Amino acid sequence: MSIRPDLETLQREFPLEERLYRFRCVEAWAMVVPWIGFPMNAILKAVDPKANAKFVRFTSYYDRRIMKGPTFPPSQFLPFPYTEGLRIEEMANDLAFFAVGVYGHTLPKQHGAPVRAVIPWKYGFKGAKSIVKIEFVETQPATFWNTISPGEYKFESNVDPEVSHPRWSQAKERLIGPNSEFDWEEVPTLKYNGYGEFVASLYA
């Protein structure tokens with residue numbers, strides 16, 4: 001089963017709310033972001049996927065004529081369009097969110113317009129941007145970064161200070177501040193980005 005989200009329809013069908021979430025990048029920096037959108041489980045309730053749907057796959061907008069991509073390696077050798085995925089149980093969690101706005105405004109292109117996935121207990125790359133298709137599938141879907149480098153970018157990718165990235169520790173994170181990155185405060189990383197009481201049961 002698949003759906004193609006139309007922004008006007010989504011905003012009409014699902015009441016919007018603002019949520020203030022911690023954001024943790026896999027590259028060990030962090031910030032707090034005020035997103036506007038609606039919970040992912042609203043989509044689940046509306047479409048009622050078949051019982052054999054165990055995962056959800058998000059596909060981002062891609063047009064090679066417009067989006068040239070990196071020159072090394074050439075973009076044609078990368079697995080575009082960008083895709084990401086979750087287990088259905090993760091999508092159903094109350095914290096999982098579809099953002100259509102940020103900082104009180106409609107989501108701009110650089111932040112992932114028209115629709116962006118926000119999963120605050122996971123590393124930021126799990127939050128697919130510019131989503132144009134949502135599919136409910138039976139098997140774990142291939143995803144962009146996990147396809148390119150599965151040793152560095154796991155499908156699950158929950159924030160965990162005890163699991164290092166192959167090239168750096170995840171035990172600490174730098175909080176983005178008003179000054180240069182050399183002045184950013186460094187603090188301990190929280191497991192599940194601090195949302196353990198809401199999501200840890202998913203991984204028991």
Side-chain angles (χ1 to χ4, degrees), residues 21-33 35 40 54-62 64 67-93 95-99 110-112 115-176 181 184 186-196 198-200 202-203:
Y21 276 156
R22 300 183 189 95
F23 179 90
R24 175 58 154 80
C25 179
V26 73
E27 295 179 344
W29 58 263
M31 62 189 301
V32 175
V33 183
W35 302 106
M40 286 189 185
K54 305 301 182 185
F55 296 87
V56 59
R57 173 169 53 208
F58 307 121
T59 301
S60 299
Y61 174 80
Y62 180 63
R64 186 174 289 171
M67 307 157 87
K68 302 298 183 181
T71 57
F72 184 82
S75 61
Q76 63 264 33
F77 297 113
L78 295 174
F80 286 117
Y82 193 95
T83 55
E84 255 306 333
L86 298 171
R87 290 174 19 222
I88 286 291
E89 293 87 353
E90 294 175 315
M91 184 182 185
N93 185 273
L95 292 185
F97 200 65
F98 283 122
Q110 63 266 34
H111 284 268
V115 181
R116 173 181 181 148
V118 180
I119 309 100
W121 68 95
K122 294 181 177 289
Y123 291 116
F125 73 88
K126 291 294 294 181
K129 299 179 181 179
S130 305
I131 297 171
V132 294
K133 184 164 64 172
I134 300 170
E135 299 170 275
F136 298 98
V137 297
E138 189 172 356
T139 58
Q140 181 175 302
T143 60
F144 186 87
W145 283 110
N146 184 242
T147 298
I148 291 174
S149 184
E152 295 188 31
Y153 305 100
K154 305 296 185 183
F155 181 84
E156 188 174 272
S157 286
N158 295 324
V159 176
D160 192 337
E162 298 177 2
V163 179
S164 295
H165 185 279
R167 288 179 281 132
W168 56 78
S169 169
Q170 296 287 18
K172 294 183 179 181
E173 61 193 31
R174 294 169 300 134
L175 299 179
I176 288 184
E181 62 181 294
W184 293 350
E186 190 173 70
V187 299
T189 297
L190 300 176
K191 191 176 178 70
Y192 300 119
N193 207 19
Y195 296 102
F198 306 105
V199 302
L202 292 170
Y203 311 101

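Just so it is clear, the values below take in all heavy atoms, side chains as well, and ignore hydrogens, waters and symmetry mates. Note that the coordinates shown come from a computational prediction; the quantities given were computed from them, not determined experimentally.
F58 does not carry K129 over the face of its six-membered ring by the limits of under 6.0 Å from the centre and within 45° of the normal.
Side chains of Y203 and W121: a donor-acceptor N/O pair is present below 3.5 angstrom, by distance only.
Listed here is the closest heavy atom pair of Y123 and D160: OH-N, 3.3 Å. Counting all heavy atoms, side chain and backbone alike, A99 lies closest to W35 at CB-CE3, 3.6 Å. Heavy-atom minimum distance, K172 versus A28: O-CB, 3.8 Å. Here the closest non-hydrogen pair linking Y192 and A200 is CE1-CB, 3.8 Å. What you find for W168 and V26 is that their closest heavy atoms are NE1-O, 3.0 Å. Heavy-atom minimum distance, F55 versus T139: CD1-C, 3.4 Å.
For the pair T189 (side chain) and Q170 (backbone), a donor-acceptor distance under 3.5 Å is present. The backbone N or O of V159 lies less than 3.5 Å from no partner atom in the side chain of N193, so there is not a single donor-acceptor pair. Using a distance-only test at 3.5 Å, with no hydrogens or angles considered, a donor-acceptor pair links the side chain of K126 to the main chain of G85. A distance-only check finds a donor-acceptor pair linking the side chain of R116 to the backbone of H111 [under 3.5 Å]. Although no hydrogens or angles enter the test, the distance criterion places no donor-acceptor pair under 3.5 Å between the side chain of S60 and the main chain of A128. At least one donor-acceptor pair under 3.5 Å links the side chain of N93 to the backbone N or O of L95.
Between I148 and Y153 the shortest side-chain heavy-atom distance does not fall below 4.5 Å. P166 is listed as a side-chain neighbour of E152, based on a closest heavy-atom distance under 4.5 Å.
No option in K154, R24, E156 other than E156 meets the side-chain contact (heavy atoms from CB on, under 4.5 Å) test with K122.
Salt-bridge annotation for R87 and E89: present, with a side-chain N of the basic residue lying under 4.0 Å from a carboxylate O of the acidic one.
A distance below 6.0 Å separates the ring centres of F80 and F144.
Around the CD atom of E162, the shell of radius 6.0 Å holds no more than 12 heavy atoms that belong to other residues, nucleotides or ligands.
With rounding to the nearest 0.5 Å, the separation of CG in N146 from CZ in F125 is 7.5 Å. Distance check: T59 OG1 to E84 CD gives 10.5 Å after rounding to the nearest 0.5 Å. The CE atom of M31 lies 10.5 Å from the CG atom of L175; values are rounded to the nearest 0.5 Å. Between the CE atom of M40 and the CE atom of M91 there is a distance of 6.0 Å, given to the nearest 0.5 Å.
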| request: Go through F155 and T143 one step at a time and tell me if the side-chain contact (heavy atoms from CB on, under 4.5 Å) criterion holds. | output: CA-CA 8 Å; F155 181 84; T143 60; 3.9 Å; yes
| message | Evaluate F23 against W29 for ring-ring contact (aromatic ring centres under 6.0 Å, His included), listing each step before the verdict. | response | CA-CA 9 Å; F23 179 90; W29 58 263; 5.6 Å; yes
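Using cut-offs of 30° and 60° on the angle between ring planes, the pair Y195 and F198 is tilted.
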